[in-house]
Amino acid sequence: MNEAKLPTMKEAAAPPLAQAPDQEQPVNPTLPAPRLRAQGKWSRFLQKYNLLPTLLFFVIWELFSRLNASIELFNPRFLPAPSVLVQEAWRLAESGVLLESIAASTVRILIGFVIGCVAAVGIGVLMSKFRLVELWFSPILNLVGPIPALALLPLFIIWFGIGEFPKILLIAWTTFIPVLVYTVDGFKSVPSTLIRSALSLGASERQVFMRVMLPSAIPNFLVGAQVSLGLSFSALIVSEMMGADSGLGYIIVDARNYFKITNMFVAIILIGLEYSLFAYALRLVERRVMAWRKGGLRDAVEK
Amino acid sequence: MTFGFAPDIVRLWKKHVSKTDKTGVRLMKLEVNQVGKRFGNRTVLGEINLSVRAHEFVCILGHSGCGKSTLLNMVAGYLLPDRGAITVDGQLVKGPSKARGMVFQDHALFPWLTILDNIAFGPSVQKKPKAAAREIAMQYLKLVGLEQAAASYPAELSGGMKQRVGIARALASQPDILLMDEPFGALDVLTRETMRVELQKICSQLKPTVLFVTHSISEAVYLADRVVVMKHGEIAGIFEVDIKQPRTSHSAGFGEMMSRIECVLMDDAQLELVAKVGT
Ligand SMILES: Nc1ncnc2c1ncn2[C@@H]1O[C@H](COP(=O)(O)OP(=O)(O)OP(=O)(O)O)[C@@H](O)[C@H]1O
Ligand SMILES: [Mg+2]
């Protein structure tokens, strides 16, 4: 999962205008001009998305796998080369298995994640608006919150069978707890002067909630969503490994049963890619919603 | 960044502040009547009596911890007095209201709104259509000379600019009384000086009723029609400042007023010390 996650993380950290002007200087003046421009474009592309480390990673992997195939440091089937994986992925895709699995997993995580977030925000709002709700809810949350959600899966399967429902429930539950904790914390830490200002400007209690409490809790909510995204992906994969007949997690157990290590690698890489896509989408939302926010290390010291 | 003139606003305010009741008596009089406040078993305010007339600029001056903010927060309606009553035109203050605008030391701008939308917040929660609210906000932004920052977010502004926005935001909902709790306390000396001058200009145009908390004697004497000196939760002295506006520190009577206030403000122990050093 990690190797596929790297590019987006790096990409976010890379300054958008990292392109140094001297990159475009001709290295060799005798080179023909069009070639030069193409090369400049390429290096700019690589730099913009900081792809070089990832490329290098796969190249070394490829070389190592091939080397291993000839000198047999260990069983070459344990670590297939990326080129073999691409061929295998293509074969799987042609048979339709891959697309079907990706679709199944995506639908599960989307539905589960959205349900979890909506429920968490809803209950968070109730908890911060009504003391009674908080009084009754927080002890129970403190009781069941710390239980790793994955421990609940066998129970869910016994209760609800092996259909879609227990899987989505598990994902929603893993999303729910962190999002709720962060959102409630966000509501609690709204600066009192902001609320006082709004009241003195004539805002009603409802308006204070809609226009002050909610927007100032959004950053916290987004942090909660990001934290829970990783957890809900684990929940997705584990629930697909236990009692499922589709999805990326299913490919992995299936591959283990038939010792198809290449399939396993394909599924693992796809999971990583899908997680990265989701994390990236979430970050885009964050960047849009929090355009007003300045700060962080990059603003603290100009480089 | 220059201080702008906004004739429309001045006209609006003239109409607003000259509201009178049926018998022709000017509305808006703030009465603080025998007000006391405790936190736990600690008495923060003993017994405060104060009355503020319409258009009056009153400065509350005192050492840190003497209860200035507590008093102001009670006038705003954020805190309730334990004893006594605060009334505006005979109406008991029961909670915050748009009739009493507040400017905080930490400016308390909404960080997720642009400068323009921050100022438009008041008009828009008071059911003005969005476009109208923005129009009003733009005029107040001009009043404080920041129209070019309309689309910026608070995080992009300097401390002095933020505080101008805070003042514009409070004025935009046309409060009967403007409450300011050390609004320039977090600014550097030079910015403080210019802000003081600009606030004075705005006040001379709009003639709002202001209750202004400060640590600085010179700021109080520069701005106030009346300086209320507080000590240990009590009013220790009230000074009418009869110097013609605009004042400078060289205005006749300015220094004398400052030293008179300083005498009241200083503790007996400090006075003794000064006397000893003097001899
Ligand atoms: N919510 C509170 N609970 C308990 N004590 C408080 C509370 N608010 C203020 N106090 C106490 O009341 C006293 C007066 O506080 P206040 O904030 O009114 O002082 P101040 O004159 O505004 O001081 P400063 O100039 O430093 O702002 C202080 O000693 C403070 O410790
Ligand atoms: Mg104070």
Side-chain angles (χ1 to χ4, degrees), chain A residues 16 121 124-125 128-129 182-183 185-225 282-302, chain B residues 69 72-73 75-79 93-115 117-128 133 136-137 151-157 165-181:
Chain A
V121 171
V125 166
S128 59
K129 278 209 97 159
Y182 276 93
T183 308
D185 188 55
F187 282 130
K188 278 194 181 145
S189 52
V190 180
S192 63
T193 49
L194 291 189
I195 300 174
R196 286 179 166 182
S197 296
L199 287 171
S200 284
L201 291 168
S204 64
E205 207 159 302
R206 213 185 104 81
Q207 284 170 324
V208 168
F209 192 81
M210 297 302 290
R211 295 187 182 213
V212 181
M213 305 282 282
L214 277 184
S216 53
I218 281 178
N220 271 52
F221 161 76
L222 285 172
V223 172
L282 210 56
R283 208 167 299 123
L284 281 187
V285 171
E286 183 179 1
R287 210 176 295 167
R288 236 197 106 70
V289 176
M290 314 230 296
W292 51 272
R293 191 173 237 199
K294 297 285 175 303
L297 187 63
R298 228 191 301 169
D299 268 14
V301 184
E302 203 169 61
Chain B
S69 297
L72 209 68
N73 287 339
V75 174
Y78 307 139
L79 302 175
V93 170
K94 292 201 188 97
S97 138
K98 69 174 187 287
R100 291 176 306 279
M102 184 72 144
V103 178
F104 295 90
Q105 176 172 4
D106 69 343
H107 55 77
L109 299 179
F110 304 115
W112 56 88
L113 294 182
T114 60
I115 297 312
D117 286 338
N118 257 287
I119 303 177
F121 187 92
S124 91
V125 293
Q126 292 162 34
K127 301 284 182 301
K128 284 247 169 39
I136 295 173
S152 314
Y153 287 96
E156 297 162 327
L157 265 56
V165 178
I167 293 170
R169 184 178 69 173
L171 287 172
S173 45
Q174 297 201 330
D176 292 333
I177 307 173
L178 185 60
L179 306 169
M180 307 178 92
D181 192 353

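Proteins come first, then strands; the chains are lettered A, B, ... in the order of their sequence lines, and each starts at number 1.
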From B/Leu113 atom CG to A/Arg211 atom CZ, the distance as rounded to the nearest 0.5 Å
9.0 Å
Taking every non-hydrogen pair under 4.5 Å, which of A/Ala203, A/Pro215, A/Ala198 racks up the most with chain B?
A/Pro215
Minimum heavy-atom separation for B/Pro96 and A/Leu199, please, with both atom names.
CB-CB, 3.7 Å
Any idea which heavy atoms bring A/Gly202 and B/Val125 closest together, and the distance?
C-CG2, 3.9 Å
Counting only non-hydrogen atoms closer than 4.5 Å, does B/Ser124 touch chain A with its backbone (N, CA, C, O), its side chain (CB onward), both, or neither?
both
Roughly how far, to the nearest 0.5 Å, is NE2 of B/His107 from OG of A/Ser197?
10.5 Å
By the definition side-chain contact (heavy atoms from CB on, under 4.5 Å), identify the one residue from B/Arg169, B/Lys98, B/Met102 that meets it with A/Leu201.
B/Arg169
Nearest non-hydrogen partners of B/Trp112 and A/Val212, listed with the distance:
CH2-O, 3.5 Å
Evaluate side chain to side chain donor-acceptor pair (under 3.5 Å) for B/Tyr78 paired with A/Ser192, printing each intermediate quantity in order.
CA-CA 10 Å; B/Tyr78 307 139; A/Ser192 63; over 6 Å; no
For A/Leu194 against B/Phe110, the heavy-atom pair lying closest together:
O-CE2, 3.6 Å
Can you tell me how far the CZ atom of B/Phe121 sits from the CD atom of A/Gln207, to the nearest 0.5 Å?
7.0 Å
Counting only non-hydrogen atoms closer than 4.5 Å, does A/Val289 touch chain B with its backbone (N, CA, C, O), its side chain (CB onward), both, or neither?
neither
Taking atom NZ as the centre, does A/Lys188 end up with more than 12 heavy-atom neighbours from other residues, nucleotides or ligands that are less than 6.0 angstrom away?
no
